[in-house]
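As the structure lists them, so they are numbered: ligands from 1, and atoms in each ligand from 1.
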Amino acid sequence: MEEQYLIVEKQDRIGKIRLNRPRVLNALNSALIGELADVMEEMDRDDQIRVILLMGSEKAFAAGADIQELAESSPVDFVMKQFFADWERIRKIQKPIIAAVSGYALGGGCELAMCADLIVASETARFGQPEINLGVIPGAGGTQRLTRAVGKARAMEMILTGKPITAREALEAGLVNRVVPADQLEEEALALAKEIAGKPPIAVRLAKQSVLKAMDLPLEHGLHFEQNSFYLLFSSQDQQEGMQAFIEKRKPNFQGK
Ligand code: HXC
């Protein structure tokens, strides 16, 4: 029987995706990443979905790219298969992505968690970039996103030694949003997802894009993007609803229009 790499469920405006390759601790082979990009893009287009929640198992969010597959690859294979194209598709998802991380988030697993906009970690989570021990370096953004998230000193140490950090260390370093007991991970991540799902979707989308611009644009251009997004929101019904509800002292009901 063919392995089902992803378990997908849509519930209360949340699109839940669970990585499901338990035999290899959710090692990310190309087929899995391709399916993940397909599902995320489909959720990005689905008006019923406002937030994407990405999870692994209790033991592993993902223990990295599939080393078996990597070991058999040549530079030409990477070029011809466009090895990172599906990662780029994930990077371009516009709805907020929350990663709920328990256990190992190593190599590509840590990089995938960092593609999310928010990370909720269980106390058991371990984040690391062990590629150096395999004779390579991170390839799906690890050297870039980790450095932006935790700063040069810590990123350099993690990437040069390959040693993972604990959930608490990740929290202290600013890599994750919160650390929760393992048995409350899904519940806490869902609560955060629901909170954001209740916000005006167009503003959420533009807010996500604006914050991401802060990571790669000079201030002047980032401010310009923010201002234009701000102006644009004044053509949305949700802006009128949000401000009217405040004035009328009632709860707003955002429609995503
Ligand atoms: C393929 C993997 C795997 C991986 C684990 N497995 N990680 N298979 N790719 N990344 C497999 C093991 O071979 C083993 O299969 C089964 O999963 C269980 O793993 P064990 O090692 O027996 O478990 P444990 O002793 O608990 O150790 C857990 C672990 C270890 C510390 C996470 O598995 C480990 O070090 N894994 C590799 C981590 C890593 O180096 N990741 C970076 C990959 S490179 P069998 O058949 O023996 O039961 C990378 C580059 C990204 O991510 C580039 C861009 C995409």
Side-chain angles (χ1 to χ4, degrees), residues 1-6 17-40 54-93 97 99-116 119 121-150 154-167 169-170 175-176 182 185:
M1 205 180 78
E2 216 173 284
E3 228 178 338
Q4 191 189 352
Y5 291 143
L6 305 176
I17 307 171
R18 191 179 285 283
L19 306 175
N20 182 46
R21 277 192 91 196
R23 276 187 307 105
V24 286
L25 306 180
N26 291 334
L28 306 166
N29 62 11
S30 304
L32 186 155
I33 290 290
E35 280 179 30
L36 182 60
D38 288 346
V39 170
M40 282 189 172
L54 179 62
M55 299 173 284
S57 69
E58 200 179 325
K59 182 164 182 200
F61 177 72
D66 189 321
I67 298 171
Q68 196 70 43
E69 183 182 66
L70 289 183
E72 293 160 6
S73 300
S74 72
V76 172
D77 293 333
F78 289 136
V79 173
M80 295 314 285
K81 280 198 275 181
Q82 299 194 54
F83 189 69
F84 291 110
D86 292 323
W87 288 86
E88 275 300 296
R89 290 166 66 205
I90 293 170
R91 181 173 75 84
K92 289 180 179 152
I93 298 298
I97 303 171
V101 177
S102 178
Y104 299 112
L106 303 179
C110 186
E111 291 171 305
L112 182 60
M114 290 190 292
C115 287
I119 302 178
S122 99
E123 281 163 352
T124 64
R126 296 290 177 273
F127 297 86
Q129 299 287 166
E131 288 91 341
I132 202 82
N133 297 324
L134 300 169
V136 293
I137 65 169
T143 64
Q144 304 303 299
R145 289 199 184 92
L146 188 63
T147 308
R148 282 165 163 83
V150 306
R154 215 181 259 266
M156 200 61 100
E157 187 169 335
M158 287 173 71
I159 290 166
L160 296 186
T161 68
K163 246 179 88 183
I165 59 171
T166 63
E169 287 167 329
L175 181 61
V176 307
L185 179 65

Query raised in the report: Any salt bridge between Glu157 and Arg154, counting N to O under 4.0 Å?
Result: no

Identify all side-chain donor-acceptor contacts of residues 58-67 below 3.5 Å with residues at least two apart in sequence or on another chain.
unit_1	atom_1	unit_2	atom_2	d
Asp66	OD1	Gln68	N	2.9
Asp66	OD1	Glu69	N	3.3
Asp66	OD2	Arg21	NH1	2.8
Asp66	OD2	Arg21	NH2	3.4

Query raised in the report: Can you find a protein heavy atom closer to atom 12 (C) of ligand 1 than 4.0 Å?
Result: no

Query raised in the report: Quick one: does atom 40 (O) of ligand 1 have a protein heavy atom under 4.0 Å from it?
Result: yes

Query - atom 6 (N) of ligand 1 protein-contacted, heavy-atom criterion under 4.0 angstrom - result: yes

Query - Within-cutoff protein neighbour (heavy atom, under 4.0 Å) for atom 35 (O) of ligand 1 - result: no

Query raised in the report: Can you tell me the protein heavy atom closest to atom 10 (N) of ligand 1 and the distance?
Result: Ala65 O, 2.9 Å

Requested in this report: Identify the two heavy atoms, one from Ile159 and one from Gly142, that lie closest to each other, and give their separation to 0.1 Å.
Outcome: CD1-O, 4.0 Å

Query - Crowding at NZ, Lys163 (>12 non-hydrogen neighbours, <6.0 Å) - result: no

Please tabulate, for the side chains in residues 125-139, all donor-acceptor contacts under 3.5 angstrom to protein atoms that are two or more places apart in sequence or on a different chain.
unit_1	atom_1	unit_2	atom_2	d
Gln129	NE2	Glu131	OE1	3.2
Gln129	NE2	Glu131	OE2	3.2

Query raised in the report: Taking the minimum heavy-atom distance to atom 38 (C) of ligand 1, which of Ala63, Gly64, Ser30 ranks first?
Result: Ala63

Report task. Report, in ascending order of atom number, the atoms of ligand 1 lying under 4.0 Å from any heavy atom of Ala27. Result -> 1 (C), 4 (C), 9 (N)

Query - Taking atom 27 (O) of ligand 1 as the reference point, the nearest protein heavy atom with its distance - result: Tyr104 OH, 4.2 Å

Query - ligand 1 to Gly139 polar contact by distance, N or O atoms, under 3.5 Å - result: no

Query raised in the report: Where is the tightest heavy-atom contact between Ala167 and Val176, given as atom of each residue plus distance?
Result: O-CG2, 4.3 Å

Requested in this report: May I ask whether atom 17 (O) of ligand 1 is less than 4.0 Å from at least one protein heavy atom?
Outcome: yes

Query raised in the report: Does ligand 1 have any atom that is closer than 4.0 Å to a heavy atom of Pro130?
Result: yes

Query - Contact check, side chains of Asn20 and Leu32, non-hydrogen atoms, under 4.5 Å - result: no

Query raised in the report: What atoms in ligand 1 come closer than 4.0 Å to a heavy atom of Asp66?
Result: 1 (C), 9 (N)

**Report entry** Shortest non-hydrogen separation from Pro164 to Leu106 and the atoms involved
**Finding:** CB-CD2, 4.2 Å

Query raised in the report: Which option, Arg126, Arg23, Lys59, Arg21, owns the non-hydrogen atom nearest atom 24 (P) of ligand 1?
Result: Lys59

Query raised in the report: Is it true that Glu69 lies under 4.0 Å from ligand 1, counting heavy atoms only?
Result: no

Query raised in the report: Do Asn26 and Tyr104 have side-chain N/O donor and acceptor atoms under 3.5 Å apart?
Result: no

Query raised in the report: Would atom 48 (O) of ligand 1 count as contacted, meaning some protein heavy atom under 4.0 Å?
Result: no

Requested in this report: State, to 0.1 Å, how close Ala105 and Cys110 come at their nearest heavy-atom pair, and which atoms those are.
Outcome: O-CB, 3.3 Å

**Report entry** Selected option - heavy-atom contact closest to atom 37 (C) of ligand 1, from Leu28, Leu134, Ile67, Leu106
**Finding:** Ile67

Query raised in the report: Shortest non-hydrogen contact from Met40 to Ile17?
Result: CG-CD1, 3.8 Å

Query raised in the report: Under 4.0 Å from any heavy atom of Ala140, which atoms of ligand 1 are there?
Result: 54 (C)

**Report entry** Nearest neighbour of atom 33 (O) of ligand 1 from the list Val24, Leu25, Ile33, on a heavy-atom basis
**Finding:** Leu25

Query raised in the report: Is there a protein heavy atom at a distance of less than 4.0 Å from atom 20 (P) of ligand 1?
Result: no

Query raised in the report: Do the side chains of Phe83 and Leu70 get nearer than 4.5 Å, heavy atoms only?
Result: yes

